[in-house]
K.L.:
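One structure, as structure tokens, below. Some questions next.
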Number of protein chains: 2
Amino acid sequence: MNPSDCEKIAGRYAYDGLDRIIHEKARLSIIASLAGHSEGLLFNELKELCSLTDGNLSRHLAILQEADLVQMWKGTRNNRPQTLARLTEHGRRRFLEYVSRLERVVADASRLTGQSGAGAGLRPRTT
Amino acid sequence: MNPSDCEKIAGRYAYDGLDRIIHEKARLSIIASLAGHSEGLLFNELKELCSLTDGNLSRHLAILQEADLVQMWKGTRNNRPQTLARLTEHGRRRFLEYVSRLERVVADASRLTGQSGAGAGLRPRTT
DNA sequence: CTTTCTTACTTTACACTATAAAGTTAAAAA
DNA sequence: TTTTTAACTTTATAGTGTAAAGTAAGAAAG
């Protein structure tokens, strides 16, 4: 196959690998935070790092836990309940997979630079 | 500020710049396709490249047009109506901006490689 | 020439989901 | 013992992605 042909194959830009659960902005924040902190992060640390509200963070963590991407640990610090969140090994792998797909998006985008278009003689839509 | 401190600042992983309109998977597909084809793409070409249904593509194109990221041109080929979609200059800029934020996500992720965690002596949650 | 078929979309209705407001539990302070 | 604060959880809602149904117009068939 001619290399330039791959531009035309069906699904070339479908980005199937962009895992829905990870792709959501808030959860991407959470997972990226956790990826950089293998020892885990406390609920409030995550809240700050990701600029999320309590309820929002709680819901997304539940979704991530459900999907076995994140593991939650309950404990106490200074007689206060504390929740520690950590990436699971599965979550780590899924995230790395996700990122490798992201890299393709970025690579596709670099193709944009330095292109200029030519008009096709069609009239602009009126509706 | 110590470089290692930036890991802790509030909002460090909020990824505010991840434009909601572009971030959506289907629209990211569409925009990336268009970014690589400055001459524009026909409705059916986009449909194929992004593996989207007619209705789906139509809705997302309308949203992108509304946001002035994509421009639509109506014309005819072989006595058949044809719609050509193209990135606007504004859309091109917003996409490049978006991609530069994506690159940060990818950069953050590279930090993941080669880290191993240590347990914190907390018990696994039971609920 | 008019009926059916195909093409190229658009509109609509539904199911899903992200979000924040309200609720809960328990320790600490007053 | 009442109030306040901390640390979440649950719930209600508004918003959104998706596919099924709908539309318009040219082409083919009879």
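Lettering follows sequence order; numbering is per chain, from 1. Values in this document were obtained by computation on a predicted structure and should not be read as measured data.
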K.L.:
Base, sugar-phosphate alone, or nothing: which one does B:A26 contact when heavy atoms must sit under 4.0 Å apart?
P.N.:
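B:A26: backbone/sugar contact only, no base atoms under 4.0 Å.
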
K.L.:
Between A:F43 and B:N79, which has a closest nucleotide on DNA chain D that is more 5'?
P.N.:
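Its nearest nucleotide being more 5', the pick is A:F43.
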
K.L.:
5'-most contact on DNA chain D: B:I63 or B:G55, nearest heavy atom basis?
P.N.:
B:I63

K.L.:
Do the non-hydrogen side-chain atoms of A:R12 and A:K8 ever get within less than 4.5 Å of each other?
P.N.:
no

K.L.:
What about A:R59, does its side chain sit under 3.5 Å from the base of C:dT17 through a donor-acceptor pair?
P.N.:
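Checked by distance alone, the answer is no.
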
K.L.:
What is the separation between atom CG on B:N56 and atom P on C:dT10, rounded to the nearest whole Å?
P.N.:
13 Å

K.L.:
Is B:R77 touching bases, backbone alone, or none of the nucleic acid, heavy atoms closer than 4.0 Å?
P.N.:
nothing

K.L.:
Give the rounded distance in Å between these two atoms: CD of B:E66 and P of C:dT11.
P.N.:
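Value for this atom pair: 13 Å.
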
K.L.:
Is any side-chain heavy atom of B:R94 closer than 4.5 Å to one of B:L69?
P.N.:
yes

K.L.:
Would you say B:H23 and A:L28 make side-chain contact, with heavy atoms under 4.5 Å?
P.N.:
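They are in side-chain contact.
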
K.L.:
Which whole-number value in Å describes the distance from A:L46 CG to D:dT9 P?
P.N.:
12 Å

K.L.:
Compare side-chain N and O positions of B:K74 against OP1 and OP2 of C:dT10 and report whether any pair is under 4.0 Å apart.
P.N.:
yes

K.L.:
Roughly, in whole Å, what's the span from NZ in A:K25 to C1' in D:dG15?
P.N.:
15 Å

K.L.:
Taking CG from B:D54 and P from C:dT12, how many angstroms apart are they, rounded to a whole number?
P.N.:
17 Å

K.L.:
Determine: side-chain N/O of B:T83 to OP1/OP2 of C:dC9, distance under 4.0 Å, yes or no.
P.N.:
yes

K.L.:
Nearest to the side chain of B:Q82, heavy atoms from C-beta on, is which of D:dA7, C:dC9, C:dT7?
P.N.:
C:dC9

K.L.:
Looking only at the side chains, is there a donor atom on one of A:Y13 and B:E48 sitting less than 3.5 Å from an acceptor on the other?
P.N.:
no

K.L.:
Round to the nearest Å and state the distance from A:L42 atom CG to D:dA7 atom P.
P.N.:
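Spelled out: CG on A:L42 to P on D:dA7 is 9 Å.
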
K.L.:
Whole Å only: how far is the CZ atom of A:R27 from the P atom of C:dT19?
P.N.:
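Interatomic distance, CZ of A:R27 to P of C:dT19: 9 Å.
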
K.L.:
Without decimals, in angstroms, what is the distance between B:N44 CG and C:dT6 P?
P.N.:
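From B:N44 CG to C:dT6 P: 16 Å.
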
K.L.:
Which of the following nucleotides, D:dG17, D:dG26, C:dA18, is nearest to the side chain of B:H60?
P.N.:
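Side chain of B:H60 sits closest to D:dG17.
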
K.L.:
Do any side-chain nitrogens or oxygens of B:T53 fall under 4.0 Å of OP1 or OP2 in D:dA19?
P.N.:
yes

K.L.:
By nearest nucleotide on DNA chain C, pick out whichever of A:N78 and A:E24 is the more 5' one.
P.N.:
A:E24

K.L.:
Do B:D108 and A:V99 make a side-chain contact, defined as non-hydrogen atoms from C-beta onward lying under 4.5 Å apart?
P.N.:
no

K.L.:
By the 4.0 Å heavy-atom rule, please label A:R20 as base, sugar-phosphate, or nothing.
P.N.:
sugar-phosphate

